[in-house]
Amino acid sequence: EPEVTQTPSHQVTQMGQEVILRCVPISNHLYFYWYRQILGQKVEFLVSFYNNEISEKSEIFDDQFSVERPDGSNFTLKIRSTKLEDSAMYFCASSGARGFGETQYFGPGTRLLVL
Amino acid sequence: KNQVEQSPQSLIILEGKNCTLQCNYTVSPFSNLRWYKQDTGRGPVSLTIMTFSENTKSNGRYTATLDADTKQSSLHITASQLSDSASYICVVSAAGAGSYQLTFGKGTKLSVIP
């Protein structure tokens, strides 16, 4: 069964450093998402992406964040200058449709620790 | 502000028993409600999706109900198995002005013990 994959599974970085989290969505999906989950808290929406541009973003997704689909398969989340509070599990998701009734398939996540 | 509240926060049940998890939401305008299962350290996996017009949907031993009038949903798990131990997350999708953001609840942590 097709699945969303993410790399790396874990990343440790120093505060102020740039990190890039990578995702390979399900191959025929068109809509891509990033979420984060701070330890012990609920999953929070960051951004959705369609047709090579951002569709929606939350308040969390400030100028420090960016997303890109550099080729036909990868979908990346970049954090330019990491802060301690960026430590969280970051989930990528993809869906074949958007909105009404679509299922978003989540990847296994990247656990980011900022020291 | 859109919110999703779940109860109980955690639950321990014996293998083979049934349980029901609750979800209340204040998301508007409502598009659909989903239940996800999240194993520790893993991404959420979709169990059910229900729209405004649906009041029950099953997926194997999982049965979700929706009362759009009272803005409540429940997830009933029948004949629980050890592998059901996970967090169950209620997620509501708002619609309107092209927005389909998902609002997540904090989840109910279910532990099934032998």
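Numbered from 1 within each chain, the chains take letters A, B, ... in sequence-line order.
Within the 4.5 angstrom heavy-atom criterion, only side-chain atoms of Gln37(A), from C-beta onward, approach chain B. Contact of Tyr105(A) with chain B is not made at all, since no heavy-atom distance falls under 4.5 Å.
Within a 6.0 Å sphere centred on CD1 of Ile12(B), other residues, nucleotides and ligands contribute 12 heavy atoms or fewer. Surrounding CD of Glu85(A) are more than 12 heavy atoms belonging to other residues, nucleotides or ligands, all under 6.0 Å away. Other residues, nucleotides and ligands contribute at most 12 non-hydrogen atoms within 6.0 Å of the CG atom of Leu39(A).
Note that NZ of Lys42(A) is 7.0 Å distant from OG1 of Thr103(B), once rounded to the nearest 0.5 Å.
Minimum heavy-atom separation, Leu102(B) to Tyr35(A): CD1-OH, 3.2 Å.
Grouping the Ile, Leu, Val, Met, Phe, Trp and Tyr side chains by contacts below 4.5 angstrom, directly or via other members, places Met15(A) with Leu112(A). Tyr88(B) is connected to Met50(B) through a chain of hydrophobic side-chain contacts under 4.5 Å among Ile, Leu, Val, Met, Phe, Trp and Tyr, so both are in one cluster.
Side-chain contact between Phe91(A) and Gln38(B) is present, with heavy atoms from C-beta onward closer than 4.5 Å.
Between Tyr36(B) and Phe106(A), the distance from one ring center to the other falls under 6.0 angstrom.
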